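Take a look at the structure below.
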Amino acid sequence: MFAFLHKYASLMHFYRLSARLAPWLTALTAVLLAGGLVGGLALAPADYQQGDSFRIIYLHVPSAWMSLFVYMCMAGAAFTTLVWRIKLAEIALRESAPLGAAFTFLALVTGSIWGKPMWGTWWVWDARLTSELILLFLYFGIIALDGAIDDRRMGARAAAVLTLIGVVNIPIIHYSVEWWSTLHQGPTVSKFDKPSIDTRMLIPLLVMVVAFTTYYAAALGARMRAGILAYDHKASWVRALVRGRSPEHA
Amino acid sequence: MHEFLAMGGYAAYVWTSYGIGALVLGMMALGARRAERKALDALAEDLAGDDDDPTA
């Protein structure tokens with residue numbers, strides 16, 4: 001069991017597996033994105049209260065979901081970094097942070113643009129919006145802290161500590177619409193007993209959530225492969241790989 | 001088609017959102033691609049330097 005874990009935590013095995021999966025992941029993401037966008041923008045009926053403005057949901061909810069999902073992935077990587085000092089986890093943590101920040105930024109911006117016609121304001125300092133903004137600053141802080149320390153492995157450990165401290169913000173974001181009164185609407189999707197959303201609206205939304213998740217996986221894969229090459233640049237498998245790619249060394 | 005683009009009067013909000021969304025996602029993909037290519041190029045250069053060095 002430990003040998004198995006060790007094999008798949010090895011940089012070389014991850015690199016090879018990830019490079020092999022990459023084209024499939026990209027293709028799957030493209031199909032899901034196309035399907036989700038057609039379903040959400042064209043096929044879903046307009047909302048009876050919000051008209052067509054509700055269609056921003058197909059960007060807003062998936063990116064907000066990803067802002068939390070990426071953070072939880074980073075928390076897992078941070079824990080693994082600190083406890084087992086696995087290099088692959090350090091790389092996953094470091095390379096996830098800019099992607100998480102981008103999703104968080106998109107969630108905030110689309111929410112703001114949606115808020116203007118529906119609430120009459122771009123921004124309110126309520127619990128949901130403020131805690132999501134804090135999440136964006138947390139991502140920036142993790143990136144900056146990692147970058148400020150010259151030693152790569154030390155930087156990753158410092159970033160891991162900050163990541164784990166920031167985890168307290170995640171349940172606050174999630175439950176903020178229930179704990180405090182807010183302009184932000186309550187959950188519609190996670191009420192599985194009685195979903196308060198039309199199926200033709202719900203299916204494209206779920207497709208977009210999956211599409212954003214595979215988008216993250218594809219982008220993270222490429223970034224991690226770059227990170228692995230930098231970490232393991234002296235390894236013979238890396239040298240063989242680079243020689244195999246460039247024709248003048250073939 | 002015109003009706004679709006008009007988004008029931010919310011065209012500015014909806015299409016601005018999707019424009020920014022395309023921009024952000026595009027930058028993520030481009031950044032990832034560039035990181036991978038840069039790492040491979042740097043290694044290739046490193047390796048070429050080693051091969052040229054007779055003492056290596």
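Remember, it's a predicted structure, so these values are computed and weren't measured experimentally. Scope of the values below: all heavy atoms of this structure, side chains included, with no hydrogens, waters or symmetry mates.
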Under a 4.5 Å heavy-atom cut-off, does chain B meet the side chain of [X], its backbone, both or neither?
X: A/Met118; answer: side chain
X: A/Phe212; answer: side chain
X: A/Ala230; answer: neither
X: A/Gln50; answer: backbone

Could you state the interatomic distance from [atom1] ([X]) to [atom2] ([Y]), rounded to the nearest 0.5 Å?
X: A/Thr104; Y: A/Ile134; atom1: OG1; atom2: CD1; value: 12.5 Å
X: A/Arg20; Y: A/Leu17; atom1: CZ; atom2: CG; value: 6.0 Å
X: B/Leu47; Y: A/Arg243; atom1: CG; atom2: CZ; value: 4.0 Å
X: A/Cys73; Y: A/Met66; atom1: SG; atom2: CE; value: 7.0 Å
X: A/Asp146; Y: A/Glu95; atom1: CG; atom2: CD; value: 8.5 Å
X: A/Arg128; Y: A/Leu133; atom1: CZ; atom2: CG; value: 14.0 Å

Exercise for review: Could you tell me whether the side chain of B/Tyr18 reaches within less than 4.5 Å of the side chain of A/Leu41, counting heavy atoms only?
Suggested key: yes
Point to revise | A/Glu132 side chain near A/Leu135 side chain, heavy-atom distance below 4.5 Å | key: yes
Top of [options] for chain B proximity - count of heavy-atom pairs under 4.5 angstrom:
options: A/Ser112, A/Ala46, A/Pro117; result: A/Pro117
options: A/Val238, A/Ile56, A/Val109, A/Ile228; result: A/Ile56
options: A/Leu99, A/Leu59, A/Thr110; result: A/Leu59
options: A/Phe103, A/Phe105, A/Trp114; result: A/Phe103
options: A/Ala102, A/Pro98, A/Ser53, A/Ser63; result: A/Ser53

Practice item. Give a yes or no on whether a salt bridge exists between A/Arg239 and B/Asp46, defined as a side-chain N under 4.0 angstrom from a carboxylate O. Key: yes
Check your understanding: Which answer fits B/Val24, side chain, backbone, both or neither, if we ask what part of it has an atom under 4.5 Å from a heavy atom of chain A?
Key -> side chain
**Study point:** Proximal component of B/Leu25, with respect to chain A [non-hydrogen, under 4.5 Å]
**Key:** both
Exercise for review: Mind telling me whether A/Trp122 and B/Tyr13 have parallel, tilted or perpendicular rings, with 30° and 60° as the class edges?
Suggested key: tilted
Check your understanding: How about residues 29-40 of chain A versus chain B: which residues have heavy atoms under 4.5 Å apart?
Key -> A/Leu37
Review point. Of all the residues in residues 218-227 of chain A, which have a heavy atom that comes within less than 4.5 Å of a heavy atom in chain B?
Key: A/Ala219, A/Ala222, A/Arg223, A/Arg225, A/Ala226
Exercise for review: Determine, using ring centers only, whether A/Tyr71 and A/Tyr139 are less than 6.0 Å apart.
Suggested key: yes
Exercise for review: For this output row, return yes or no: ring centroids of B/Phe4 and B/Trp15 closer than 6.0 angstrom.
Suggested key: yes
Check your understanding: Would one find more than 12 heavy atoms of other residues, nucleotides or ligands at under 6.0 Å from atom CG of A/Asp150?
Key -> no
Review point. Would one find more than 12 heavy atoms of other residues, nucleotides or ligands at under 6.0 Å from atom CZ of A/Arg153?
Key: yes
Practice item. Without swapping roles, check the side chain of A/Asp52 against the backbone of B/Gly8 for a donor-acceptor pair under 3.5 Å. Key: yes
